[in-house]
**Student:** 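Could you have a look at this structure, given as structure tokens, before my questions?
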Amino acid sequence: MSGLDAILQGGLQGYLVVALLLFAIGLATVLLRRTLLMQFMGVELMLNAANVALLAFARFRGGDAQAMVFYLFIIAVAACEAAIGLALVIGLYRHRDTTDSDRAASLKQ
Amino acid sequence: MTWLNSHPLSFLVFAPTLLGLVLMALPQTMARLARMLGFMGALAFFVLSLAWLLGHGAGDVIERAPWFTLVGLPVDYALTVDGLNLWLVILTTFLVPLTMLGTWNSLKDRIGTFAALFLLLETGMLGALMAQDLFFFYLFWEAMLIPMYFMIGVWGGDERRYAANKFFLFTLSGSLLWLVALLYLANKAGGFNPLLMGQAASTLPFGVQSWLFIAFAVAFAIKVPLFPLHTWLPDAHVQAPTAGSVILAGVLLKLGGYGFIRFAIPMFPQAAMHYAKPIALLSVIAIIYGALVAMVQRDVKKLVAYSSVSHMGFVMLGLASFTVIGTQGAMLQMLNHGISTGALFLLVGMLYDRAHTRMIADFGGVAVKMPVFTTFFLIVTLSSIGLPLTNGFVGEFWILNGTFLSGFSWGRLYACLATSGVLLGAVYMLWMFKRVFWGPENKDEDSGTHHLHTDLNAREIAVMLPLVVLILWMGVHPRTFVAASETPVTALLKNAQAPAPRTFLLKPAVAAPAPEAHAPEANAGHAAEPAAHEVHR
Amino acid sequence: MNKYYWLIPILPLLGSLFNGLLGKRAGKRVVTAVGVGVVFVALLLALSAFFAMKGTADHRLLLNYGEWMATGSLSVPFGLVVDSLSGTMMLIITGIGFLIHLYSVGYMHEDEGYARFFCYLNLFVFFMLTLVLGSSLVLMFVGWEGVGLCSYLLIGYFFETDYAPDAGLKAFLTNRVGDLGVIIGMMVLFAAFGTLTVSDLLTQAGHLAPEVGFGVLTFATLMLFMGATGKSAQLPLYLWLPDAMAGPTPVSALIHAATMVTSGIYLICRLAPVFTLAPITMTVVAWVGAATALFAATIGLVQRDIKKVLAYSTVSQLGFMFLGLGASGFAAGFFHVFTHAWFKALLFLGAGSVILAMHHEQDLFKMGGLKAKMPITFWTMLIATLAIIGFPGTSGFASKDEILYLAYLKSPALWVIGVLAACCTAFYMLRLFTLTFLGQARDHHTYDHAHESPTTMTLPLAVLALGTLLAVGLGWPKAFGGDFRIEAWLASATTFGQLHAAHGEHGSHGLAWALATVSTVLGLGFAAFGYLSYKDGLAVSEARAAKFPFLHDLLLNKYYVDEGVELYLLRPIRWFGNVLWKLFDVIIIDGVGVNLPGALTRVSGDFTALFQTGRVRNYALSMALGAALLLYVFLK
Amino acid sequence: MFITFALITLLGGLAMLLQKNVIVAGLCMVATFFGVAGLFVLLANPVAAALQLIVYSGAIMVLVLFVIMMLNSHEEEKAQSARPIQRWVSLALVAALALGAVKLVLASPGVKALALNGATMPQAMTLQKVGTALFADHLLGFEVAGLLLLAAMIGAVALTKRNL
Amino acid sequence: MNLSPSQWSALLPLLLPSVGACLIAIMSMDKDQVTEKWIRGVMYATALLAVGASFYYLTVLWNSGGQPSFFQLRMDRLAQFTGIFVLVASALTILQGWDHFHQEGWVKGETLCLLLFAVTGMMLFASTTHFVVLFLGLELFSLPLYALVGTVRLRPESSEGGMKYFLTGAVASSCFLMGGVLIYGLSGTLDLGTAAMLLRAQGLALDPLVLVGAALLLVGFLFKVSAVPFHQWTPDAYEASPHPIAGFMSVATKGVALIALLRIFGNSLTPLAGVGARMQSVVAVLAVATLVLGNLTALVQSNVKRMLAYSSISHAGYLLLGFVAGTPAAYTGVLYYLVIYLAMNMGAFGLLTAFGLVGDQITFDDLRGLGWKRPAMGIAAAIFMLSLAGIPPMGGFYGKYMIFRELVATGHVGMAILGVLASLVSAYYYLRFLVALYLQAPSAEAERLASDRPAVHAPFAGGTVLVCAAIVLAGGFLQTFLADGFARRALVDVAGLIR
């Protein structure tokens, strides 16, 4: 089947496209939003994109359990990043009373 | 003891560092002791160097052993004293204690550290002079900068930081680019042995050779310093403490010329020959330019600094002439400059210690107050302007003659132009001498002359006497100092296939009666060299 | 005996060292003893050497004392050569030198720098002897520069004054200009002959066909002549000599009249065979000499300082000598050196004794009527004056007329100029003499204290006067039935076994007579004119000066040459130096070449620092851009 | 089916990106996670879907929302200065990346091959398979993940615990 | 699954630090550890013990020459080299930390335990080619570092720096992850080495998605190396973090990332010929950019820590030049340079602690005249700065020497010239450090402040500084031992690591 309908009918390409677009959206969030929490969510999206791609590949490799395990680890990592990231955001908020990353720019040049 | 007998050079090179480290370890409270120790040590090294190197006779002293092989390329631990560097080495070991003595009281604080740095510097200089492996040489060449940097930067004048940084970065810029060329050639030669590298270089295409030569030449020319690359010198000289200036002028500058004759020319003869003209041109410019600029200086020390530019121009001219006479002249001129300019800086330092100013305008009639000092200054001045029977004359005369005879078409013109340096030298030195020492005494309150109370003391006289003796000795019997280098220089030029000297052929109408001992060489020269047969147009 | 001759130059050196190092402690007696003694011993040795040389077959004594500066094909031995030329010169130096040392004992007695003075004077004798006896050009150059140094030191002897240092500096530097010529000349000759030893040089030159190496030799000789003009104060480098009078009078007598200034002539005589090969140079020499003779003489006409007058007369006399050389009358030129040494030294010493008597008053216009006060000085000065104006029968007459005669043979124009110069000489010499001794005193205060000088000073005067009278015996011109003996005597040195004679004896006695008479009559006429115009005071001269104000002004200010040099030579050079330093060195090389790159680096650093905005979004963006770059490169 | 979930995912993402209010944005993200979970189901991977819902929507997002509430910074603050460069460059870049991604996915021969071969063998992912894989092959990874969680916890504590 | 004793002994070095970390975590649960000095002592002792023990086992392993490989681990010589490298760095950090955190008045056990976790993560990261472990290792040392940067909460900058580091780092690791996933997807295995083989076998070496994957992996590495344009977190993070941590990050992170880069791109992915070539061309460009930008920006810094940060960026440039050359000798040079760099930078940051400079802004003016007040420290500082500038006879020169030589040998003369010019520029700002230390007298009010401040007492930091100075000098004079005996063996003895 040709490119486009391969995507539309949920072939591997479709999942990959979704994954990559999700990745792009996550990146866009980091680049465009100033609120730290939003940027943080963007990162989470990027990780998720990776998950989608990973499991799509796993499926088309006959349900590879290795990938599934890796998926578990990625979730763990995501959780850890969440913990640390949110802790940092809180710490910053305590000092600066803001969650706007542009305002937290005292270190420069 | 046996180790000493087999490794005199290693001892000479590294003993100063050891001593220096010891001095550094001493607490500030024992600074005076440190200074005394340093001086004694330096003196001992001088005596030893004389005993070992001169006692050794004509033969070369060589230490060569494989040092390390860093991922592929072997580096040798190679020290040598031969005709080319014998006297430069002795000059170094001689100047160090002399300078220490001469500037005994000119520094007030951290004298111990200063003495220590001085000894470290001695190691650097001796190592660079003796090293026979280019990597080894490079190590010393760079390491030398460090103590000098601190000597200028810590004990210097008001602009010392600027001067020190300028000195450091200026020299570094040259040697870093040179390092690239060095690595390139080393990769080709599979080692840093100058001979191998030279052979490897000869196999390269000429374009590459000349690039490599330029890299070498620039690094050395900065040290010399050759004309457009000289601007670090006045700052460094003026800002440095007396001792620093003396060593800078006395030895460091020589390393540039030495580098040429030891490495650059033997390794890239064709390229060197090809670029002889620009080098000579720059030298001539340096001679005249340095003199003219020195003429209008208001600070005695700066004047002497610029005079160094002019004098070292002669050295480079002699090297570029590719004649035995010229090169020998350059060898001698290096020593001359070391002695004369060193002495001048010492004298200026002595004056400054008393008057706390170096401005020419602040003086006048010093001769009335300090006759002995004036006499020494006059003698040194005369040697610096190349009066016959002083060292200055012999070197310059040889260089000029060599250049005039040189096989290159430009030789004669440049020689004539360079001669004007002799006049200009007299102009700026004697004019300064007149304004500082002669004329009615400068009476006004804050003038320099007003602060002069004491003439030279015994210590200072003891410092100056050996220098004056050397000045006359080198002027009356230069053979002592160039006999050693005659053979290597001749061999060098032969290997380099330097163009034969150009002489005018004047054919006697009837055969001249058998001339005296020296005539044959000349006539043989006529007969042998094809170049000789072109008659002056 | 031969093995002691090296002492001839060395003794004065030792004396100088002694006086310089220990003189102050040793005291004046010892200094005198040493200072004069060494020169005297040198004189004796010189005499013995001279006769030893006469004894030899080819009138040449070659003494070699080993190698000085040999490298490559260049070899310069320490060697002395005594032949007819250098021998004579050596005698003049030691002889007159001795007398002047003696004279100085009296003259400098009050000076506290006594020891220093004798140190310099001995040193001068040493260098002068080196210059004369040196067996190679380089060694001669040692003396050449050395005497320059000594004259520098002696002119600047009164260094605490404000004028002496300038004069000394001027002398040294002007000489240095000439020395450039000598160095270049030596280089050329070395390239041409492969040796710088005089004897070899002359031997080879002597065997050259005249046309060979014409250009080379012309260039070389011209360069050497440039040196000569410097040392012997010829146009254009004469400027230093008048100022050199700032030194003590004995110095003026010894160095700036008798010996050093003649070394230029000596050099040319020494290399006569080479110079003869370069006719162009000879012509130049002749014309420069003639021009100088006239030029200096005219300035001499109006000077007021007694020593200045003598100085200019020296310059013009030297001009005569060069004229003679240029007319290839080496013997004639040298003969004039010889005679001039006597009477000019005498004139200076006389002037010195006058000055001392007048308590260092040097202005002619303040003198007068001293004849009564100081007879010896008067008589000796008279002899000298007659000699210099070429009064028939005096040595000056003999040497000058020989020169003029040869000059005529070379070109009548030269003769005319020479005669004019001679006339001026006659005039100003009589002017000087009259104003000093005759008439009545114009400054009574000093006049009353004036007195004859001590014996140590008058004795030399007497001896010199004697010499002046006897000198003529050495070379009474052939034209007047004499045998120009000195020519034959010098031939061995000047025509160095040359194939072709220096100059033929064309012309005739008749011509010689005619020329001589004309010149003499004119000379005496002007002498009388000079006497008449000053015998009773300055009125006449002042009136005349008022008549030609411009001319008088021009001469009084020496044609404004000094001012011109200052304005158009020195100032531009200094200005140029300043431009090189402040503009080229500091701004262009150091600023643009060195500091500008540094500054640019800093600025670019400031620029790159701007990218560190501190906003994490920007960081992320730059990362994303980097990633994009990577992707691009990887997929390309 | 696929289209629906894909759209939910992407639109949720886009909505989050554009949403001014942080809380709403968070909810949009939950929607995205649901979409992803759906995709996992389509990928015959119920385990992953479950985990996705539990961990992400359940744990992480709730945590995030808690924090949002705690910091009560619901609305994005006023920009100190509009940064058009940042915005436009980023947009262009992201757009380029997205398009490039699509092109590449279609261009890649490896993916095409995989899509053909893989489609034929549907195998559901079971917990048992995962477990064996996890404890047989990835013991090390498991341990490391444990350390990672511990480290993260300690880090979070170190960064936030008040009286420390 | 059970391990043989030898494998256990190979595993211990990784195990011990994490065990120590857990112990410390337990200790630091004590409320008033601030007051109880002995508890702090015990914690630091434990940390040192853990590091020391792990170091001991590593050296035993090194000397035994064993290179076991089990699970997804490859404890080969390169891994052991990395372990030693990281452990030394961490030991120095702990010692300096004792003094620094006391100066800051913020002594926490968490710091140590996070540090030890990071150590474990780094060793993992550099000793595997399996993507899962690689990724977990990356996170295991990144997350603690994020936390460590922000650990001193007293200072407002700290959490800002941590936040920036975290956000950029998270983006980078997401890219890394995505890259790994893509490569897995097309090859079907998570072990990069095998993946490369398979891909080549299937002729997918140049499949666009593979290339994208490789590129994204490279992004992850370059971020940790802090190469331009992935460098901007560096100065902020360093300035925010405590001196010892900044030193640790500058040394260990960079080193580990480079070694992993060497392992993955220099070895595992070599079957994908195209990838290697592209990697080199990219790295060439980025290395040049890094050199230029790092040096130029460092030139204008007035804050010492930022200057050191930018200098560490520029050093990343030199190290990457080694990858451009890409010969065994060049890689040896890189490892050698890393060793010296460890000493130089840990020393330089240790100096700040030894001089007792705490607070937000440490400018050059704060250093004035200290060289004379503390001679030993001053001389050490001179050694570090000259070595950083690459002046012989310091060790730094030899690292540059080897790298530049290989550059020239492989024909990149232009880059070598640019490199030396860069180090010329760098000489200026390193000299500025010395100028401040020796050539400038402290300002009057600075003197006054110094007088009423209590005398600085930092024995451990001082000790570490001296040790580092000794290492730098040793690098200058025992270069053969370090280069051939240590760095080279770490490369060459590994079976087929260098093809």
Side-chain angles (χ1 to χ4, degrees), chain A residues 12 15-16 19-20 23 26-27 30-31 36 39-40 42-58 60-62 64 66-67 69-74 76-78 80-85 87-96 99 101 103-109, chain E residues 131-133 135-136 138-140 142-144 146-147 149-151 153-171 173-182 184-191 209 212 216 232 235-240 297 300-303 306 360:
Chain A
L12 176 56
Y15 291 98
L16 286 184
L20 289 174
F23 191 83
L27 185 60
V30 177
L31 292 180
L36 279 168
Q39 292 173 306
F40 173 72
V43 175
E44 291 294 341
L45 272 192
M46 292 167 82
L47 287 176
N48 250 285
N51 289 342
V52 174
L54 181 67
L55 290 184
F57 279 124
F60 282 83
R61 292 207 168 273
D64 184 355
Q66 307 286 325
V69 173
F70 191 23
Y71 170 65
L72 290 179
F73 293 150
I74 296 175
V77 168
C80 299
E81 284 196 352
I84 296 284
L88 280 165
V89 173
I90 292 170
L92 188 70
Y93 186 79
R94 282 184 184 157
H95 278 296
R96 299 277 171 78
T99 56
S101 66
R103 292 175 197 236
S106 62
L107 300 165
K108 58 165 77 167
Q109 306 255 310
Chain E
F131 187 72
V132 173
V133 184
F135 181 66
L136 287 173
L138 177 70
E139 291 298 332
L140 181 55
S142 310
L143 288 174
Y146 301 148
V149 171
T151 184
R153 288 185 271 129
L154 303 173
R155 292 198 266 114
E157 283 73 16
S158 61
S159 47
E160 176 189 338
M163 179 273 294
K164 287 178 177 174
Y165 187 22
F166 167 78
L167 213 51
T168 46
V171 171
S173 47
S174 316
C175 295
F176 189 70
L177 177 62
M178 184 52 108
V181 166
L182 286 177
Y184 156 77
L186 291 176
S187 64
T189 169
L190 279 161
D191 183 294
L209 284 186
V212 173
L216 291 175
Q232 293 186 293
D236 298 359
Y238 288 6
E239 188 182 351
T297 322
V300 297
Q301 297 303 318
S302 60
N303 180 327
R306 290 188 83 81
D360 312 337

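Quick caveat: nothing in here was measured; it's all calculated off a predicted structure.
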**Student:** Name the option with the most non-hydrogen atom pairs under 4.5 Å to chain E; the candidates are A/Ala83, A/Gly26, A/Gly85, A/Ala56.
**Tutor:** A/Gly85
**Student:** Testing the basics here: between E/Ser173 and A/Glu81, what is the closest heavy-atom pair and its distance to 0.1 Å?
**Tutor:** OG-OE2, 3.6 Å
**Student:** Can a donor-acceptor pair be found, under 3.5 Å and without considering hydrogens, that links the side chain of E/Glu160 to the backbone of A/Ser106?
**Tutor:** yes
**Student:** Could you tell me which portion of A/Ala58 (side chain, backbone, both or neither) has an atom closer than 4.5 angstrom to a non-hydrogen atom of chain E?
**Tutor:** both
**Student:** Pick one of side chain, backbone, both or neither for A/Ile90, based on which atoms fall under 4.5 Å of a heavy atom in chain E.
**Tutor:** neither
**Student:** Can you tell me which portion of A/Leu12 sits under 4.5 Å from chain E's heavy atoms? Options are side chain, backbone, both or neither.
**Tutor:** neither
**Student:** Where is the tightest heavy-atom contact between A/Leu16 and A/Ala53, given as atom of each residue plus distance?
**Tutor:** CD2-CB, 4.1 Å
**Student:** Among A/Arg96, A/Gln39, A/Gln66, which residue forms the greatest number of heavy-atom pairs with chain E at distances under 4.5 Å?
**Tutor:** A/Arg96
**Student:** Taking E/Arg306 for its side chain and E/Glu239 for its backbone only, find out whether a donor-acceptor pair lies under 3.5 Å.
**Tutor:** no
**Student:** Which atoms form the tightest heavy-atom contact between E/Ala240 and A/Leu107, and what is the distance?
**Tutor:** CB-CD1, 4.1 Å
**Student:** Do you know which of E/Gln301, E/Gln232, E/Met163 has the most heavy-atom pairs under 4.5 Å to chain A?
**Tutor:** E/Met163
**Student:** Are the aromatic rings of A/Phe70 and E/Phe131 close, with centres under 6.0 Å apart?
**Tutor:** yes
**Student:** Does any non-hydrogen side-chain atom of A/Val89 lie less than 4.5 Å from one of A/Phe40?
**Tutor:** no
**Student:** Taking only residues two or more places apart in sequence, or in another chain, which ones meet E/Ser159 in a side-chain contact (heavy atoms from CB on, under 4.5 Å)?
**Tutor:** A/Leu92, A/His95
**Student:** Is chain E contacted by the side chain of A/Ala67, its backbone, both, or neither, given a heavy-atom distance below 4.5 Å?
**Tutor:** both
**Student:** Pick whichever of E/Ser174, E/Ser142, E/Gly180 has the most heavy-atom pairs under 4.5 Å with chain A.
**Tutor:** E/Ser174
**Student:** Let me know if E/Thr151 has heavy atoms under 4.5 Å from chain A in its side chain, its backbone, both or neither.
**Tutor:** neither
**Student:** Pick one of side chain, backbone, both or neither for E/Glu157, based on which atoms fall under 4.5 Å of a heavy atom in chain A.
**Tutor:** both
**Student:** Find the one option among E/Leu140, E/Thr297, E/Leu182, E/Leu177 whose heavy-atom pairs under 4.5 Å with chain A are most numerous.
**Tutor:** E/Leu177
**Student:** Any heavy-atom pair between the side chains of E/Leu167 and A/Leu36 that's under 4.5 Å?
**Tutor:** yes
**Student:** Between E/Val149, E/Thr189, E/Val300, E/Leu186, which shows the greatest number of heavy-atom pairs under 4.5 Å with chain A?
**Tutor:** E/Leu186
**Student:** Quick check on A/Ala49 against chain E: is it the side chain, the backbone, both or neither that has a heavy atom closer than 4.5 Å?
**Tutor:** both
**Student:** Looking at E/Gly162, E/Gly169, E/Gly188, E/Gly161, which one has more heavy-atom pairs under 4.5 Å with chain A than the rest?
**Tutor:** E/Gly188
